[in-house]
Participant: 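Please see the structure below; I have some questions.
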Amino acid sequence: MIQRLGKTGTVLGALMIAGMAGEALAFDGQPAAPRTIGPQDLSPSEALRAGARQYYSGDKAAALSSLQYAAENGQPMAAWKLGEMYSKGDGVKEDDLKAFEYYSQIVREHGDDRPDAPDAPFVSSAFVALGSYYLTGIDGAVPQSESRARQIFTHAASYFGDAAAQYELGRMYQKNNSRMAVRWYNLAALKGHVGAQARLGETLYEIGNSEKKKARGLMWMTVARAQASGVDASWINAMHEQYFAVSPETVRQQARSLADGWIEQNRPDILASQQVPSQ
């Protein structure tokens with residue numbers, strides 16, 4: 001998500017050039033002590049851009065300093081990126097509690113921001129991250145609380161319309177409230193959340209009492225399989241194969257037809273990539 005920052009400006013470069021232009025004089029006429037330019041010489045937004053540039057150029061130590069300064073001075077994108085870095089051990093030692101604290105800062109300072117605000121995707125993502133931590137807990141620091149996790153996911157899903165939060169709610173409801181699970185999965189699936197599409201298909205298939213309804217479930221699993229990549233591909237492919245194997249041929253045919261129509265309308269790029277150039 002931080003890639004949405006765009007190209008880094010030239011402010012940092014200008015400051016560096018100015019710093020090398022000559023030796024500054026103190027008020028008494030004597031040369032001033034040399035000083036290294038750091039994030040404190042930049043505005044918070046400039047420090048954010050510098051941190052993004054440093055991160056993607058591979059200098060994560062410098063990025064950490066710039067992002068910390070930006071986060072401490074009200075930049076939610078910087079706090080979000082720091083949360084991601086600490087949660088994954090990306091350029092820093094993995095530390096879930098530090099990640100939790102950065103996500104909490106975002107929610108505390110920006111939780112009431114408008115859902116169409118420029119920083120809203122980072123705020124809603126922070127809500128989802130916090131919900132996930134409450135769902136599992138952090139040993140000795142954050143108690144596990146399913147009710148708190150559901151409350152946080154519900155806010156992100158309803159107020160921000162966050163697809164990841166809607167997916168997480170679907171998973172929480174799937175075991176004991178299929179109707180609610182379908183509701184949340186469907187909202188996320190329509191936004192293109194591949195995991196939600198697969199789970200929606202699974203839920204619809206399980207509660208379906210006719211071939212038409214089961215075909216609708218298998219259709220969503222087929223749509224998800226066509227788009228799955230990375231870590232999602234394995235479990236989505238396995239799920240599809242499991243339900244495809246036990247489905248009558250009539251259900252399979254209906255599901256294929258529905259899936260082809262959905263992909264043609266919503267993901268024509270997939271069809272284009274599957275076409276083999278003629279020789």
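Along the sequence shown, the residues carry numbers beginning at 1.
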Participant: Do the side chain of Thr222 and the main chain of Leu218 share a donor and acceptor less than 3.5 angstrom apart?
Facilitator: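 The answer is yes, because a donor-acceptor pair under 3.5 Å joins these two groups.
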Participant: Could you note down all residue pairs passing salt bridge (charged side-chain N to carboxylate O under 4.0 Å, His left out) where residues 219-242 supplies at least one of them, sequence neighbours left out?
Facilitator: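 Every salt bridge (charged side-chain N to carboxylate O under 4.0 Å, His left out) pair that includes a residue of residues 219-242, provided the two are not neighbours, is Arg225-Glu241.
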Participant: Okay, side chain of Ser65, backbone of Ala61: is any donor-acceptor separation there less than 3.5 Å?
Facilitator: no
Participant: Once salt bridge (charged side-chain N to carboxylate O under 4.0 Å, His left out) is applied, what residue pairs with a partner in residues 202-216 remain, sequence neighbours excluded?
Facilitator: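 Listed once each, the pairs are Arg199-Glu202.
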Participant: For Tyr69, is there any backbone N or O sitting under 3.5 Å from a side-chain donor or acceptor partner on Asn73?
Facilitator: yes
Participant: Would you say that more than 12 heavy atoms from the other residues, nucleotides or ligands in this model lie under 6.0 Å from the CD of Glu249, or not?
Facilitator: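 Check passes, neighbour count above 12.
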Participant: Is it the case that over 12 heavy atoms from other parts of the model lie below 6.0 angstrom from the CD atom of Glu109?
Facilitator: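 Correct, the count exceeds 12.
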Participant: Any ring-ring contact (aromatic ring centres under 6.0 Å, His included) involving residues 97-118? Give me the pairs, sequence neighbours left out, ordered by first then second residue.
Facilitator: Phe100-Tyr134
Participant: Should the pair Asp116-Arg114 be classified as a salt bridge under the 4.0 Å nitrogen-to-oxygen rule?
Facilitator: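 Salt bridge present between Asp116 and Arg114.
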Participant: Ignoring hydrogens and angles, tell me if any N or O in the side chain of Asn237 forms a donor-acceptor pair with the backbone of Ala233 under 3.5 Å.
Facilitator: yes
Participant: Salt bridge (Lys or Arg N to Asp or Glu O under 4.0 Å) with Arg183: which residues, sequence neighbours excluded?
Facilitator: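 None.
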Participant: Does Asp139 have more than 12 heavy atoms from other residues, nucleotides or ligands lying within 6.0 Å of its CG?
Facilitator: no
Participant: Donor-acceptor pairs under 3.5 angstrom involving side-chain atoms of residues 164-171: please list them, not counting sequence neighbours.
Facilitator:
unit_1 : atom_1 : unit_2 : atom_2 : d
Gln166 : OE1    : Ala188 : N      : 3.4
Gln166 : OE1    : Lys191 : NZ     : 3.2
Gln166 : NE2    : Ala157 : O      : 3.3

Participant: Just by distance, do the side chain of Gln144 and the backbone of Leu135 share a donor-acceptor pair under 3.5 Å?
Facilitator: yes
Participant: Please, which pairs that meet ring-ring contact (aromatic ring centres under 6.0 Å, His included) have at least one residue in residues 220-245, sequence neighbours excluded?
Facilitator: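 Sorted pair list: Tyr205-Tyr243, Trp220-Trp262, His240-Phe244.
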